Each structure stands twice: as C-alpha cells, then as structure tokens.
Amino acid sequence: MTHPTATSHCILTGDRPTGPLHLGHYVGSLRQRVALQQLHPQFVLIADLQGLTDNGSRPEKIASNILEVMADYLAVSIDPLRTTICLQSALPALAELTMLYMNIVTVSRVERNPTVKHEIQQKGFARSLPTGFLVYPISQAADITAFGADLVPVGDDQLPMIEQTNEIVHKMNSLMRAPVLRHCQALLSATGRLPGIDGSAKMSKSLGNTLTLSASEQEIQRAVSAMYTDPSHLRISDPGKIEGNVVFTYLDAFHHDCEKVAEMKAHYQQGGLGDRQCKNELEDCLQTLLAPIRERRQQLSADKETLLGILKQGSEKAHEHTQKTLLAVKRGLGLPVMF
Ligand code: TRP
C-alpha cells in the first residue's frame with residue numbers, strides 16, 4: 001500500500017462516457033492504468049460533464065454510458081481497491097475551480113488550443129459552438145489540479161490540455177503567492193495511438209472503425225477480416241508492405257511474442273506470406289485477449305447496483321480530496337470560507 005505524501009506521485013486520468021470503450025482506449029491508456037495502480041495512488045474520472053459539452057441536447061446518451069464505462073474499467077482489471085473511480089458531476093469542487101480559473105484565461109487563449117480548434121472544425125460547430133465546449137480545457141485543468149495530480153497518462157492529442165493546465169497553475173500560484181497548485185506532466189503510452197481497422201489514423205466511434213472491448217466473437221472475426229493491409233499485396237508470393245498495414249500494427253500492439261512477429265514481418269516483406277495467415281494469427285490473439293474481458297463485463301453489467309456502489313464510494317473519497325484543494329484556493333485568493 002502506498003501512502004500519499006506531499007512528494008509522492010498522484011495520477012489522474014479520465015474518459016468521457018460517450019460510448020463503450022474500445023481497443024484504442026485499451027492500448028492507449030487502460031493497460032497502463034492497470035500497471036500504474038500497483039505503483040502510485042491513482043484516480044480515474046468518468047468525465048460526464050465534459051461529455052455533455054458536445055452532447056448538451058442528449059444528456060441521456062451520457063447518463064446511460066456511465067455504468068458501461070464502469071463495467072469496462074473493472075473488466076480490464078482496474079481494481080477499485082487500488083484505483084479510486086469517481087464521477088465528475090458528483091464533485092462540485094471541480095465546477096467551482098473551473099469558475100475561478102475562467103477569470104484568468106483569455107478567450108483568445110482557449111481559441112488557440114490546437115486540439116479544441118481541430119475538434120470544433122471536425123464537428124462543424126461554426127456559430128453553434130457551445131460555450132462549455134470551448135472552455136472544456138479549463139474544466140480539465142480544474143480536474144487535474146483539484147486532485148493534485150502530477151502525472152496524467154493521456155494520448156498526444158491531450159498535450160495541449162496539459163500545457164494549458166500548467167499555465168493556469170503558474171498564474172494561480174503567483175496570484176496566491178504560494179505553491180498551492182501542483183504542476184503536472186503527461187505520461188504518453190509507449191505504444192502510441194492505435195489506428196482504426198480501416199487504416200485511418202484514429203480509432204473513433206464516429207468513424208465506425210473501432211473494435212469495442214465488449215465485441216462478440218463474430219464481431220472480432222469480421223473486424224479482422226475487413227482490416228486494411230497492403231492494397232498492392234495481391235498474390236501471396238508478392239512482397240508486402242508493413243508500414244501502414246493495420247494487421248502488423250495490431251500484432252505489434254497485442255502479440256506476446258515479438259520475435260514471432262518480427263519473423264512474420266520479414267517473411268511478408270520478402271513475399272510468400274499471405275494476408276489470411278497474418279489475420280488468423282491476429283484474430284487468435286484478439287480472441288484470447290477479449291474473451292475473458294467480455295465475460296467479466298457481462299457479469300458486471302448484470303449487477304448495476306454493485307457498479308453504482310463502487311462509483312459512489314470512489315466519488316465520496318474523491319469529494320473529500322478535491323474539496324481540500326478548493327478550500328486552499330479560496331483561502332489563497334482571500335475569499336472568505338463560510339463552511
Ligand atoms: N479529455 C479527456 C479525453 O477526452 C478526458 C478527461 C477529462 C481527462 N478530464 C480529464 C483526462 C483529466 C485526464 C485528466 O480523453
């Protein structure tokens with residue numbers, strides 16, 4: 001058991017509950033969280049408020065996915081005895097810190113965040129951009145600082161959020177003339193981003209190129225069959241390309257035997273190894289990985305009471321923890337603390 005002290009690390013990650021989690025989440029962060037929970041105190045935030053920033057008129061979509069994400073977490077072995085799983089909307093300190101931070105961040109600064117800029121364009125918001133969406137990086141800075149997290153395992157698209165958080169930390173601490181808030185750094189996954197099964201750069205539900213953690217045997221089989229390889233590898237005897245070949249990217253990410261994968265790559269490049277054979281190898285490996293996750297997930301989903309109970313317990317602990325930061329900030333700013 002690790003005892004958090006002023007100098008020990010504290011980890012925070014989060015997910016928007018917009019749908020079931022997929023293999024991209026598994027490679028990019030879930031796997032890392034399972035390892036990290038052995039080493040440091042870790043909080044995982046189900047970011048329902050952030051999920052609402054682009055689903056304001058569909059609150060039921062976010063609400064109905066909270067326990068789905070909970071089931072995904074537990075199914076991949078995030079252990080609630082080691083990791084505190086909590087719900088963003090249950091933690092008023094996060095919303096209050098967001099209000100305080102909004103006053104020290106300019107509109108032009110939020111408009112400059114490259115990830116938000118890209119998302120605004122991609123979602124085609126134009127004049128209908130929700131205010132909450134534009135400022136979600138400020139709310140994320142509130143999340144990170146409220147927990148006192150110094151390590152934030154995220155994908156590279158989240159680096160601008162970490163940078164913006166540290167700017168807020170710097171400004172707030174100089175306003176308060178004391179290091180009340182902690183700086184943070186991103187922990188990038190060694191494997192990097194998993195491409196979609198169609199070969200596009202990102203696995204994303206809206207592109208329909210994902211494989212969820214709850215996928216059935218047939219869904220896995222279909223996804224692997226449809227996977228993008230090397231379009232100019234027409235005959236088995238032709239030399240094939242590894243770069244951009246999704247089957248090999250996935251074999252790299254999931255196969256336990258690196259030497260075997262290296263041999264297959266060499267053989268494929270030389271010619272004489274067919275796509276079907278590579279796909280069979282990958283399918284075996286994904287079926288083996290996902291079968292126990294799917295089974296645990298089914299059991300967990302059937303017992304919503306237990307899932308809700310774990311989330312409630314975690315949120316209570318997180319509430320106490322984040323409330324302390326809010327109080328310290330209020331004091332630092334000279335605001336009267338009423339209770
Ligand atoms: N923005 C993150 C994502 O889309 C989710 C998130 C919300 C988060 N709050 C966080 C991640 C705090 C890390 C820390 O994946």
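These values consider heavy atoms only, across backbone and side chains, with no hydrogens, waters or symmetry-generated copies. Residue indices begin at 1 and follow the sequence shown. Small disclaimer: the values here were computed from a predicted structure and weren't measured. Just follow the structure's listing: the first ligand is 1, and inside any ligand the first atom is 1.
- Here the protein heavy atom with the shortest distance to atom 15 (O) of ligand 1 is Gly14 O, 3.9 Å.
- Below 3.5 Å of separation, one finds an N or O of Gln140 facing an N or O of ligand 1.
- Listed for the Arg297 side chain is a donor-acceptor partner under 3.5 Å among the backbone atoms of Glu68.
- At a threshold of 4.0 Å, the pair Asp15-Arg33 counts as salt-bridged, since one of the basic side-chain nitrogens sits closer than that to a carboxylate oxygen.
- You'll find the side chain of Glu163 reaches within 4.5 Å of the side chain of Glu167, heavy atoms only.
- Linking ILVMFWY residues whenever their side-chain heavy atoms come closer than 4.5 Å, directly or via other members, places Val69 and Leu87 in the same cluster.
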Legend entry - ring pair (Phe, Tyr, Trp, His ring centres under 6.0 Å) evaluation trace for Tyr268 with His233: CA-CA 9 Å; Tyr268 191 83; His233 184 237; 4.4 Å; yes
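- Taking a cut-off of under 4.0 Å to the non-hydrogen atoms of Leu12, the atoms of ligand 1 that pass are 12 (C), 14 (C).
- Taking atom 7 (C) of ligand 1 as the reference point, the nearest protein heavy-atom neighbour is Gln50 NE2, 3.3 Å.
- Distances below 4.0 Å separate heavy atoms of Ala47 from the following atoms of ligand 1: 7 (C).
- Using a 4.0 Å cut-off between heavy atoms, Gln158 contacts ligand 1 through its side chain alone, with no backbone atom that close.
- Inter-residue side-chain proximity for Tyr73 and Ile46 is flagged as met; some heavy-atom pair is nearer than 4.5 Å.
- Here is the list of ligand 1 atoms found below 4.0 Å of a heavy atom in Asp143: 7 (C), 9 (N), 10 (C).
- Residue, atom and distance of the protein heavy atom nearest to atom 4 (O) of ligand 1 are Arg16 NE, 3.5 Å.
- Heavy-atom proximity to Val152, at under 4.0 Å, picks out these atoms of ligand 1: 13 (C), 14 (C).
- Between Phe254 and Tyr26, the ring-plane angle classifies as parallel under the 30° and 60° cut-offs.
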